[in-house]
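Below is one structure, written out as structure tokens; the observations come after it.
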Amino acid sequence: SEEETTTSSSTTSDLATAIYQASFDGILVVSSTGKIESCNTLALTMFGYSPDEAASKVIGKSVSIFVGGPNAAAHDRHFRNGGAASKAAGGCLGGVLDRMRDVPARRQDGTEFSVTIGLSAVPGTGQYVAFLRDLTDEKKQLAKLDKERRFNEAIINASFDSIFLTDGYGTIKMVNKEALREFGYSS
């Protein structure tokens, strides 16, 4: 019946909105000309905007307000040259659609940070949807692990004893400088 269809459609719309807002990723819906049509709360906060600022500072603006790095100025050109049929026509956006990439982004205060972005065309709408994940914490964790690894290697290499690190099968995975010297290899 028409009432059931309306209720089902309303429930589906409510569910889609709830998923959109509850996502662990920032989400942007962008027009074929590169204008931001909507975004979830996480995307706003990721870029330093409050929900109250969305209508005046984000919606209707070029997506380039979020682009960092040396290519920020040229970003709008991708949309002008790509258009809605970009992927099918081999346009500028064809090379970035439907794959994840790490790119520089820019917050409202001008600070830059890294995000992973996935950009997909929304079939039949002329729109694109971008899923964004802030890599700030991940990069800090990787830097911390790298610092610990370098520290541990320095300790191992400072030893006056030969040290061999092996895996569970007995395959040598690392030797220190003293082991190389003792067995006649150069470091």
Do V129 and L42 sit in the same hydrophobic cluster, where Ile, Leu, Val, Met, Phe, Trp and Tyr count as joined when their side-chain heavy atoms come under 4.5 Å apart? no
Which residues pass the side-chain contact (heavy atoms from CB on, under 4.5 Å) test with E53, sequence neighbours left out? Y49, S50, K57, Q108
Report the distance from atom NZ of K177 to atom CZ of F160, rounding to the nearest 0.5 Å. 12.5 Å
With ring pair (Phe, Tyr, Trp, His ring centres under 6.0 Å) as the rule and sequence neighbours excluded, what pairs involving residues 99-119 come up? F47-F113
Other than M100, what residues sit in its cluster of Ile, Leu, Val, Met, Phe, Trp and Tyr side chains whose heavy atoms are under 4.5 Å apart, directly or through others? none
Output all residues satisfying side-chain hydrogen bond (donor to acceptor under 3.5 Å, both in side chains) with S159, sequence neighbours left out; order by chain, then residue number. none
Any pair counted as side chain to side chain donor-acceptor pair (under 3.5 Å), so long as it reaches residues 147-158, sequence neighbours left out: D146-R149, D146-R150, R149-E153
Is it the case that one hydrophobic cluster holds both V67 and L44, taking links as side-chain heavy atoms less than 4.5 Å apart, direct or via other members? no
Side-chain donor-acceptor pair under 3.5 Å between E182 and S162, yes or no? yes
Are I59 and I65 connected, step by step, through hydrophobic side chains (Ile, Leu, Val, Met, Phe, Trp, Tyr) whose heavy atoms are closer than 4.5 Å? yes
Identify whether I172 and M174 are in the same connected component of the hydrophobic contact network (ILVMFWY, side-chain heavy atoms under 4.5 Å). no
If every non-hydrogen atom of D98 is compared with every non-hydrogen atom of S120, which pair is closest and at what distance? OD1-OG, 3.1 Å
Identify all side-chain donor-acceptor contacts of residues 19-26 below 3.5 Å with residues at least two apart in sequence or on another chain.
from, atom 1, to, atom 2, distance (Å)
Y20, OH, S38, OG, 2.9
Y20, OH, C39, N, 2.9
Y20, OH, N40, N, 3.4
Q21, OE1, T41, N, 3.0
Q21, OE1, T41, OG1, 2.8
S23, OG, D25, N, 3.0
S23, OG, D25, O, 3.1
D25, OD1, R133, NE, 2.7
D25, OD1, R133, NH2, 2.7
D25, OD2, R133, NH2, 3.1

Could you give the side-chain donor-acceptor pairs of residues 163-170 under 3.5 Å, partners two or more places apart or in another chain?
from, atom 1, to, atom 2, distance (Å)
D167, OD1, Y169, N, 2.9
D167, OD1, G170, N, 3.1
D167, OD1, T171, N, 2.9

Closest non-hydrogen atom pair, S62 against I36: O-CD1, 4.0 Å
Test of understanding: with side-chain hydrogen bond (donor to acceptor under 3.5 Å, both in side chains), list the residues that count as partners of T17, not counting sequence neighbours. none
Residue list, side-chain hydrogen bond (donor to acceptor under 3.5 Å, both in side chains) with K61, at least two apart or on another chain: none
Tell me if a side-chain donor or acceptor on D134 pairs with a main-chain N or O of V115 at a distance below 3.5 Å. no
Roughly how far, to the nearest 0.5 Å, is the CD atom of E178 from the CZ atom of F183? 10.0 Å
Sorted by first residue and then second, give each side chain to side chain donor-acceptor pair (under 3.5 Å) pair with at least one member in residues 109-118; sequence neighbours left out. D102-T116, D109-T111
Over all heavy atoms of both residues, which pair between L132 and M46 is shortest? Give the atoms and the distance, please. O-CE, 3.5 Å
If we only count heavy atoms from C-beta on, is the F131 to L28 side-chain gap below 4.5 Å? no
Count I, L, V, M, F, W, Y as connected when their side-chain heavy atoms are under 4.5 Å apart, and connections chain through other members. Are V58 and V29 then in the same cluster? no
By side-chain hydrogen bond (donor to acceptor under 3.5 Å, both in side chains), which residues pair with E138, not counting sequence neighbours? none
